[in-house]
Amino acid sequence: METAAATGLTFRDAVDTDVDALVALIESAYRGESSRAGWTTEADILQGRRTDPEGVRAVVEAPDSRLLAVERDGVLVACCQLEHRGDHAYFGMFAVSPTLQGGGLGKVIIAEAERTVREAWGVTEMHMTVISVREDLIAWYERRGYRRTGRMTPFPYGDERFGIPQRDDLRFELLVKPLVQDLADSL
């Protein structure tokens, strides 16, 4: 598997001055016409905003949370939220620039996120929620070792902070991956 160094990526904790660029990145990966350049678009199931500066700032400033900013040659190309929740970490707000999707960056970033939470917090699992109708995205996570739990939570219909649904069957499904230390890591 490629490493962050092999792909020219650098990872750092986002800071307050990154908020606007992070919002633009997240929006471009999921909503509107620009998101259609990649495969993670939600444009057909949700319109409106994916996030806002207040939501991103809250993640950046939360004490048990990190928002990893991923750069290549000093340019923000991806991000992900990592939140410490007891014996597990929550993975969210994952976005890769639409023009760079499909090239393997996502695999490298999620592996680095898993390594980071295992080392920083000693957690044994990574959790995430994915809109249940996003079969291609769920399949991508399954190929990375995540498993569907069948545990669903309702989509917050009527709360436009999460977007404007274009269908009435949206729910979030919990995906879980055990984070075991690789044998190679322990040598």
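The shown structure was predicted, so the numbers you read here are calculated from the model rather than taken from an experiment. Atoms considered below: every heavy atom in the structure, side chains included; atoms not considered: hydrogens, waters and symmetry mates.
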Could you give the distance from [atom1] ([X]) to [atom2] ([Y]), rounded to the nearest 0.5 Å?
| X | Y | atom1 | atom2 | value |
| --- | --- | --- | --- | --- |
| M128 | E83 | CE | CD | 14.0 Å |
| R57 | T51 | CZ | OG1 | 11.0 Å |
| L175 | H127 | CG | NE2 | 10.0 Å |
| E135 | S132 | CD | OG | 7.5 Å |
| T124 | L179 | OG1 | CG | 7.0 Å |
| D13 | T116 | CG | OG1 | 9.0 Å |

Quick check: is [Y] connected to [X] through a chain of hydrophobic side chains (ILVMFWY, heavy atoms under 4.5 Å apart)?
| X | Y | answer |
| --- | --- | --- |
| L22 | F162 | no |
| I131 | Y30 | no |
| L68 | V77 | yes |
| V176 | F172 | no |
| L137 | F91 | yes |

Which atom pair, heavy atoms only, marks the closest approach of C80 to A113?
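Shortest heavy-atom separation between C80 and A113 comes out as SG-CB, 4.0 Å.
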CA sep, side-chain torsions, deciding dist, call: D87, V123, side-chain contact (heavy atoms from CB on, under 4.5 Å):
CA-CA 5 Å; D87 66 347; V123 297; over 6 Å; no
Would you check, one step at a time, whether the test side-chain contact (heavy atoms from CB on, under 4.5 Å) holds for V96 with V70?
CA-CA 9 Å; V96 174; V70 184; over 6 Å; no
Counting neighbours of [atom1] on [X] that are heavy atoms of other residues, nucleotides or ligands and sit closer than 6.0 Å, is the number greater than 12?
| X | atom1 | answer |
| --- | --- | --- |
| Q166 | CD | yes |
| R171 | CZ | no |
| D159 | CG | yes |

So, the side chain of [X] versus the backbone of [Y]: is there a donor-acceptor pair under 3.5 Å, distance only?
| X | Y | value |
| --- | --- | --- |
| R167 | D169 | no |
| Q47 | G163 | no |
| K177 | R144 | yes |
| R50 | E27 | no |

With a 3.5 Å cut-off and no angle check, do the side chains of Y90 and S65 form a donor-acceptor pair?
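Y90 vs S65: no donor-acceptor pair found between side chains.
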For the residue pair [X] and [Y], establish whether any side-chain heavy-atom pair is separated by less than 4.5 Å.
| X | Y | value |
| --- | --- | --- |
| L82 | M126 | yes |
| R49 | V23 | yes |
| M93 | L67 | yes |

Could I get the full list of ring-ring contact (aromatic ring centres under 6.0 Å, His included) partners for Y146, not counting sequence neighbours?
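Partners of Y146 under the ring-ring contact (aromatic ring centres under 6.0 Å, His included) test: Y141.
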Among I26, I109, D18, side chain to side chain contact (heavy atoms under 4.5 Å, CB included) partner for C79
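For C79, the side chain to side chain contact (heavy atoms under 4.5 Å, CB included) check succeeds only for I26.
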Hey, is [X] close enough to [Y] for a salt bridge, meaning N to O under 4.0 Å?
| X | Y | result |
| --- | --- | --- |
| E42 | R134 | yes |
| E173 | R148 | yes |
| D52 | R161 | no |
| R147 | E142 | no |
| R118 | E114 | no |

Apply side-chain contact (heavy atoms from CB on, under 4.5 Å) to the pair R66 and V60, showing each step before the final yes or no.
CA-CA 6 Å; R66 299 172 71 179; V60 168; over 6 Å; no
Verify side-chain contact (heavy atoms from CB on, under 4.5 Å) between W140 and I138, making sure each step is shown before the conclusion.
CA-CA 5 Å; W140 187 86; I138 291 170; over 6 Å; no
